[in-house]
Amino acid sequence: MLARAMIELAAADRLESFALPYPSGVQRALDQVVLRCLNQGEAPPSGVPDLVRWCTKRVCADWPFGLPAGFVGLGASLVDARARMTTRMCAEVASDGPAGVVEQHALALLANLETAVPSLTFFETCREFLIQRVLVTSAAAIRMRATDPAAALAWRRVRHLYGPIPQVYVEDGEFFVCPICRLPARRLGQGDVWCEGELCPRDVALERHPAAGAQLLIPSLRRFLALPGRTERDVRARLGQLGADTALLEGTQGSLQLRLPGGRLWTLRVHDRVEPALLAARVSAGPTSLAVVPEYVTRARSDYRNAFEQALPPGLQVSLVTDVELIAMASGAAAWPERKHDA
C-alpha cells in the first residue's frame, strides 16, 4: 500500500495538480502508518509530505511494521534520497500481489496492443519500437517518416503510450538520458548523476536532448518492458549467432520459445529486477522454464540467487540464469539446468 502510494504521488507531474483530500490510496497508506506508529509508541508522520520524507530517509528495516523474511533487501528504500524519485524496489513492491499496479499496467497495455494490431509479427515490431525508443524527439519523428516507413507505422500505433517530458526531468529546456540503460536521467551536481536504471555508473556523460516536443514512454513500460528489453535484445542476437532461434510466444507479452540446434526447446522470459524474492513471486513456470536476468543485477546483490530460490513458492518449477550463463549454455560451455518434473 505504501509503495503504491509513492507511485501514485510520483505520477503527478506538478504538485499543484493535487487538490485536497489526497488520493484515497495515499491517505489510506498514511492512516495505516500513523496507526502502526501510535500502537508502537513511535512519533508518526505529520502528514503526506512527512510520509514522503520517511520513505526517503528510512530503509525497509526501519519501518514500524514487520516484513516477511527476505521480502526485500533491508537496506532498500522506496524513494531515492539523492534524486527524490521512486526507486525500482518501490515499483516492484507496488507490482506485487493481486492488487499490483505498475507491471500489471504495462502488461495490460501490451495485451491491448497485441489485440489491436493485425498480426503477431506487427505486434513484435511495435514492441521492439517501444524497447528501442524510450524517447522520441520531434526530429526523430520527422526522420522516421522520411527514412524508416516501418518505424513510422509502428509509431502511429504506439504513440498513445508516450507523453510529454515530465517537468521533474527538464533542466534549462533539456532532457537527459543515461547512455547505458537508455532511461531518463538527472544531473545532481558535483559530477553526480541519477538514472532510472539506478545501477549504472554515476560518472557517465549523459545524453542531452531538447525537451520541447519530445515524447517519453510511460513509466510502467519503461521499467517493465524497455529496461529488461535491452537485455532481451542482446540475448536474442547472441543466441541467433550460435544457431539458436527465439520466437515471441503469442499472448504472453514477453515469453520466448528458444529452439536450440538439434530441436531442443526451452521457454524463457527476460526480467530485470533488483528484488529477487519479488521476482520469484512473479515468475510462472513449466517443466522447461527459465527466468533470465542480466548479470549486473546479481553482481549488485551477492545473495540474489539464494534469495530467489528461497522465495520460490512450493511446486513452482523454474530455474534462474543470468544472460551470460544462458549464452554459455547455448554455446556448450556450460550445462543446462536439470529438467524438472511437471508441478
Side-chain angles (χ1 to χ4, degrees), residues 7 10-11 13 91 95 100-166 169-170 175 177-179 181-185 196-197 207 209-237 239-240 245-258 267-272 282 292:
I7 294 292
D13 190 16
S95 302
V101 293
V102 187
E103 184 181 21
Q104 290 83 342
H105 182 240
L107 292 175
L109 290 172
L110 290 171
N112 291 339
L113 178 63
E114 184 176 1
T115 301
V117 298
S119 67
L120 180 62
T121 299
F122 188 54
F123 169 68
E124 190 159 10
T125 298
C126 293
R127 184 176 179 272
E128 182 76 1
F129 184 101
L130 298 172
I131 291 171
Q132 291 193 65
R133 295 176 174 86
V134 170
L135 176 71
V136 178
T137 64
S138 298
I142 293 172
R143 284 196 302 271
M144 274 190 287
R145 290 195 292 270
T147 64
D148 194 342
L153 181 59
W155 174 233
R156 286 197 292 271
R157 284 285 192 172
V158 303
R159 67 182 307 161
H160 66 288
L161 301 177
Y162 291 73
I165 307 299
Y169 285 119
V170 178
F175 172 75
V177 172
C178 173
C181 67
R182 313 301 306 169
L183 296 184
E196 284 187 350
E207 295 180 5
H209 300 276
Q215 295 287 301
L216 180 64
L217 188 64
I218 63 175
S220 63
L221 289 171
R222 294 200 301 268
R223 279 179 159 141
F224 291 102
L225 175 64
L227 185 60
R230 67 188 178 118
T231 300
E232 179 190 300
R233 294 184 71 246
D234 179 63
V235 163
R236 296 185 73 175
L239 288 171
D245 177 67
T246 55
L248 188 67
L249 292 175
E250 186 172 2
T252 65
Q253 292 82 56
S255 293
L256 303 172
Q257 184 177 77
L258 169 61
T267 300
L268 64 90
R269 191 180 189 107
V270 178
H271 304 269
D272 194 332
R282 162 67 178 85
V292 182

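Note that the coordinates shown come from a computational prediction; the quantities given were computed from them, not determined experimentally.
A distance-only check finds no donor-acceptor pair linking the side chain of Arg182 to the backbone of Val134 [under 3.5 Å]. Judged purely by atom type and a 3.5 angstrom limit, Ser138 uses its side chain to pair as donor or acceptor with the backbone of Gly213. Panel note: side chain Arg269, backbone Thr252; a donor-acceptor pair is recorded below 3.5 Å. With Glu114 contributing its side chain and Glu250 its backbone, the two residues share no donor-acceptor pair below 3.5 Å. Put simply, the side chain of Thr125 gets close to the backbone of Thr121: a donor and an acceptor are under 3.5 Å apart.
Once rounded to the nearest 0.5 Å, the distance linking OG1 of Thr231 with NE2 of His271 reads 12.0 Å. Put simply, CG on Leu130 and CG on Leu113 are 7.0 Å apart, with the number rounded to the nearest 0.5 Å. Here the CG atom belonging to Leu239 is positioned 7.5 Å from the CG atom belonging to Leu268, to the nearest 0.5 angstrom. For the atom pair Glu196 CD and Tyr169 OH, the distance stands at 3.5 Å (nearest 0.5 Å). Distance CG/Asp245 to CZ/Arg236: 8.0 Å, rounded to 0.5 Å. Between Leu248 atom CG and Leu256 atom CG the span is 6.0 Å, to the nearest 0.5 Å.
The aromatic rings of Phe129 and Tyr162 lie perpendicular to each other, with more than 60° between the two planes, well past the 30° mark.
In this structure, Glu207 places its CD atom where more than 12 heavy-atom neighbours from other residues, nucleotides or ligands lie under 6.0 Å away.
Remark: Arg233 engages Glu128 in a salt bridge, criterion side-chain N to carboxylate O under 4.0 Å.
The two atoms that bring Ala91 and Ile7 nearest to each other are CA-CD1, 4.1 Å, heavy atoms only.
Of the residues His105, Glu103, Gln104, the one that meets the side chain to side chain donor-acceptor pair (under 3.5 Å) test with Ser220 is His105. The only member of Ile131, Val158, Val102, Leu161 that meets side-chain contact (heavy atoms from CB on, under 4.5 Å) when paired with Leu221 is Leu161.
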